[in-house]
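Remarks on the structure that follows.
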Amino acid sequence: MASVVVLGAGVSGLTTALQLARNGNNSITLVAKHMPGDYDIEYASPWAGANYLPNLAALHVPSIGVGAPGSNHKTFEINTWPELSRLASDHPEVGIHFQEARVFRRAKDAGSATAQWFAELLKEDAWFKEVVPNFKVLPQSELPPGMDGGTSFTSVCINTALYLPWLASQCLKLGVKLRRGIATHVADAADMHHSGKRADLVVNCTGLSSLFLGGVEDAALYPGRGQIVLVRNEAPHMYSTSGTDDGSDEAMYIMHRAAGGGCILGGCMQAGNWESQPDPSLATRIMKRCVDICPELVTEGKGIEGLSIVRHGVGLRPMRNGSIRVESEIISGVAVVHNYGHGGYGYQTSYGAAQEAERLVKEALREKARL
Ligand code: FAD
C-alpha cells in the first residue's frame with residue numbers, strides 16, 4: 001500500500017482524492033489550509049457558480065490564459081460531463097441539478113475579451129453539441145432585445161455549499177484522512193501524511209497558490225478575479241452573454257444553484273486583479289445587467305430593488321497561461337503529480353483532470369516501486 005498526500009481541498013484536490021480512493025489501495029491524507037465550509041480569497045472553489053459551459057478548448061489566447069492548441073482542456077471537459085450528469089440524475093443529495101443554459105451573442109462584442117473568453121461557447125456549431133443533450137440554435141423570437149443570436153443546451157448547476165462537503169464526506173467514507181495544514185514547499189507535504197511516515201507521493205492541487213508554493217512557483221499562473229452576487233430570487237434558466245456595455249472584462253451570467261443554493265449573478269473576468277473586496281458599483285452593474293436579461297428574476301415592474309441579496313462575493317480563478325497543469329515530476333526527491341491551474345473551469349474539468357492525475361499517480365508509484 002502506497003501512501004499519498006493530496007495537498008488542497010478545493011474541487012480539484014477533493015475530486016482527485018476521491019478518484020484515487022475509489023480506484024486504488026493507497027493510504028491517503030488530504031491536507032489543506034482551507035476546507036469546505038471556509039470562505040476565503042485564497043480558496044476559489046466555494047465562490048464558483050458553478051455550471052458546465054464548455055468554452056475554451058479550441059481557444060489560443062495566451063494573454064487571458066485559455067487552453068493552448070492541443071491542450072488537455074477539451075478532453076477533461078468531455079470526460080467530466082458523464083459524472084456530473086450521473087450525479088444530477090441519480091443523486092439529489094449531492095446538490096447538482098440539470099438546468100437549461102441559454103447563451104446569447106451580440107455582433108458588436110466580436111473581438112472583446114469576454115467574446116474571446118466565450119468564443120467556443122458562442123458558436124452555433126459548437127464542438128460540445130455532441131456532449132451535452134438538447135443543443136439547439138435559438139430562434140429570433142426567443143432572443144432578448146439587443147441579441148443577434150443564441151444557443152441553448154442542457155447543462156448542470158452545482159450548489160458548491162453542498163457539493164464540496166459531499167466530496168469531503170465521500171473521501172472520508174473511503175478512508176481518506178482530512179487534516180488542516182500549510183506547506184511552504186511542496187516536498188514538505190510528504191511529511192504531513194497521517195501515518196507520521198514520509199509519503200511516497202504528493203498530489204499538488206493548490207490552485208492559484210502554486211504561484212508561490214516552494215518547489216513549484218509557476219509564473220504562468222495569475223488571478224482572474226470574479227465578482228458575484230448571490231440572491232434568493234429564482235431564474236428559469238441559466239444565461240450568459242457575449243459581452244456587456246460596461247467594459248470588456250465585465251460579463252453577464254445567471255445560474256440557479258440546486259437545492260436552495262440561491263441564484264448566482266455574475267460577473268467579470270479581471271485578469272491580474274487580486275482585490276478581495278467586492279466593488280459596490282460593479283455589484284450594481286451586475287444586478288442591473290442580470291435583471292435586464294432576465295426580468296423574471298424579480299416581480300413585474302421591479303428593478304434591482306426586487307432582488308433579495310444573500311451575499312456579495314469575490315473569487316480568484318486560478319488562470320494559467322497555456323493550460324491546466326496535470327503533470328508529474330520529482331521535486332527535492334519527492335514524486336509530485338500536479339493538478340492545478342483550472343481557471344474558470346475547475347468544476348467542469350474536475351473528473352477529467354482527476355482521472356489524468358490518477359493515471360500519473362499510478363505511473364509514478366509503479367516507477368518508484370521498480371527503482
Ligand atoms: P482552490 O479551490 O483555490 O483550492 C485550493 C486548495 O489548496 C485550498 O484548499 C487551499 O487551502 C489549498 N492550499 C493552497 N496552498 C496551500 C498550501 N501551501 N498548503 C496547504 N494547502 C494549500 N468553474 C466551473 O467549472 N464552473 C463555473 O461555473 C465556475 N464559476 C466560477 C465563478 C467564479 C466567480 C470563480 C471565482 C470561479 C469559478 N469557477 C468555475 C472556477 C473554479 O471555481 C476553479 O477553477 C476551482 O475552484 C479551482 O479549484 P482548485 O481546487 O484547483 O483551487
field: Summary of salt bridge (charged side-chain N to carboxylate O under 4.0 Å, His left out) pairs that have at least one residue in residues 15-27, sequence neighbours excluded
entry: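 Of all non-adjacent pairs touching residues 15-27, those that pass salt bridge (charged side-chain N to carboxylate O under 4.0 Å, His left out) are R22-E83.
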Any luck finding a side-chain donor-acceptor pair between [X] and [Y] under 3.5 Å?
{"X": "T154", "Y": "N134", "result": "yes"}
{"X": "Y340", "Y": "R325", "result": "yes"}
{"X": "E358", "Y": "N23", "result": "yes"}
{"X": "S3", "Y": "D200", "result": "yes"}

message: Taking V203's backbone N and O only, do any of them form a donor-acceptor pair with N339's side chain (distance below 3.5 Å, no angle check)?
response: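 Pair absent, no side-chain N/O of N339 close to backbone of V203.
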- request: Could you walk me through whether E124 and R105 pass the salt bridge (Lys or Arg N to Asp or Glu O under 4.0 Å) test, one step at a time?
  value: CA-CA 10 Å; E124 294 193 348; R105 177 179 49 79; 3.5 Å; yes
- request: Inspect the surroundings of CD in E300 and state if more than 12 heavy atoms from other residues, nucleotides or ligands are less than 6.0 Å away.
  value: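 Atom CD in E300 is not crowded, with 12 or fewer foreign heavy atoms closer than 6.0 Å.
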Flag side-chain contact, heavy atom, 4.5 Å: [X] against [Y]:
{"X": "V337", "Y": "E327", "answer": "no"}
{"X": "T241", "Y": "M147", "answer": "yes"}
{"X": "M35", "Y": "L178", "answer": "yes"}

- prompt: Does R311 make a cation-pi contact with Y39 (under 6.0 Å, within 45 degrees of the axis)?
  reply: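 Judged by the rule, R311 and Y39 form a cation-pi pair.
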